[in-house]
2 protein chains.
Amino acid sequence: MSKLDKPEKILATALKLFVAYGFHGTPTSKIASEAGVSNGTLFHYFKTKDELVVSLYTAIKEELNQYLAEKANETGDVKEKFRNLFRYSLAWALENRDAFYFIQQFHFSPHLGLVPDEEIRKQSEKHRNLFQEARDAKALKPLPPDLLMMLSMNQINGLFQYLTAQTVSAENQQQQINDVFELTWTMIVNPEKP
Amino acid sequence: MSKLDKPEKILATALKLFVAYGFHGTPTSKIASEAGVSNGTLFHYFKTKDELVVSLYTAIKEELNQYLAEKANETGDVKEKFRNLFRYSLAWALENRDAFYFIQQFHFSPHLGLVPDEEIRKQSEKHRNLFQEARDAKALKPLPPDLLMMLSMNQINGLFQYLTAQTVSAENQQQQINDVFELTWTMIVNPEKP
DNA sequence: TTTCTGATTGACTAATCGCTCTATGAATAT
DNA sequence: ATATTCATAGAGCGATTAGTCAATCAGAAA
């Protein structure tokens, strides 16, 4: 068949349909037929529909984390690290809108309960460490690192929603991404110079 | 029957179940039985399940807006207005966790498409005007008002998620709400003094 | 070739769910 | 008292869906 092997093709099709019709609004039969495989093949690779949903979530998260690990390298000062994390997260989100939307859709669904807590924490461990260390080095405000991270992540979500709702030119988009990063940075940076 | 009349009882039960099991994970029969009414009664008040979902959403939004209209009165300077909007939004969210969670769940579901765009905009019109006017008066940074509003709203969402994930004492909670409001304010306020 | 293993199919099923419908009850108006 | 209207019940129907299963196919191993 095509270049994608079948499990990947099934996941890609499921993503498209889940975003358009929701989890329960998308029958497995439709996923199978649109992916060009039979109903039985889908259940050969994924024991249940729930397992398919969770597999899709973890696959997307891994893809995002791998992308960030490649792009957002560790060079530069603290602000530069955060800038890279911010801008590359948004770059990935805008290039993979369905996937980024799906992450949030998943987070506000009962399926989230199917993923162990430790798995969830592990997925953001590197970023959490970044916030933890920067705060310990007094580069960030003396607030809980989890709170600082949560606020920064939600800045990304908010900007993503804004950018996908409007139609903005590519340059304006970059401009606004830069602007909002500066806002976010002044928000979390420690104003005292130690 | 109980003090709540039946449509309200049905909506309250649906909210609880939707948050726990998702829209499609909750059959109308279960809503009816847990609400103490028959299946037919449910469909007497709500023509379809979709209509029930949308009604629940608009009812919650109206309740929130009415609460804010009462509490966040218009006295005080600009910063005070925003502080009231911020803290009372969070107060309501923490007192009505299911309802606040449901709003986000609804926003990331295909049911959102069933609500006309103008209806959605109307629900946040007053807040949008607040941002618009404050920016026009050069009290806020010269960015699109919609963007400023989106970012501020997402600060509330992020803090809500943080506070509901942790177990924090009531005083610490108030402290953190104040802290995060100050962060948000320094983020959106215009640093130039005209 | 023969055998074995995993991939693939699609018809089938058992269960569920949204919604309808008829019958009855209760309340108010005439 | 009668009529009218709305509320309520709950059995039941038609449609849909997740998941199964027996049969076939393809390729590798022996």
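A, B, ... follow the sequence lines: proteins, then strands. Residue 1 opens every chain.
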Using a cut-off of under 3.5 Å, enumerate the N/O to N/O pairs linking the protein to nucleotides 5-7 of chain C.
unit_1: C:dA7; atom_1: OP2; unit_2: A:His44; atom_2: NE2; d: 2.6

Every protein N/O lying under 3.5 Å from an N/O of nucleotides 16-20 of chain D:
unit_1: D:dA18; atom_1: OP1; unit_2: A:Lys49; atom_2: NZ; d: 2.7
unit_1: D:dA18; atom_1: OP2; unit_2: A:Thr28; atom_2: N; d: 2.8
unit_1: D:dA18; atom_1: OP2; unit_2: A:Thr28; atom_2: OG1; d: 2.9
unit_1: D:dG19; atom_1: OP2; unit_2: A:Lys49; atom_2: N; d: 2.7

(request) Take A:Phe181 and A:Phe82 through the ring pair (Phe, Tyr, Trp, His ring centres under 6.0 Å) test and state the conclusion after the steps. (result) CA-CA 9 Å; A:Phe181 171 72; A:Phe82 279 95; 7.9 Å; no

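Shortest non-hydrogen contact noted between A:Leu147 and B:Tyr162 is N-CE1, 3.6 Å. Nearest approach of A:Asn154 to B:Gln161, heavy atoms of both residues: OD1-NE2, 4.1 Å.
One interatomic measurement links the two molecules: CG of B:Asp5 to C1' of D:dC6, which rounds to 14 Å at whole-angstrom precision. Following rounding to the nearest Å, B:Leu17 (CG) and C:dG18 (P) show an atom-to-atom distance of 12 Å. Going from atom CG of B:Leu52 over to atom C1' of C:dC17 covers 14 Å, rounded to whole Å.
Contact check on A:Arg83 versus A:Glu182 returns a salt bridge, with a Lys/Arg side-chain nitrogen under 4.0 Å from an Asp/Glu carboxylate oxygen. Taking the charged nitrogens against the carboxylate oxygens, A:Asp98 and A:Lys16 have no contact shorter than 4.0 Å, which rules out a salt bridge.
Aromatic ring orientation, A:His111 versus A:His24: tilted (interplanar angle from 30° to 60°).
In the model, A:Asn178 has no side-chain atom that pairs as donor or acceptor with a side-chain atom of A:Gln174 under 3.5 Å.
When ring centroids are compared, A:Phe23 and A:Phe102 come within the 6.0 Å threshold.
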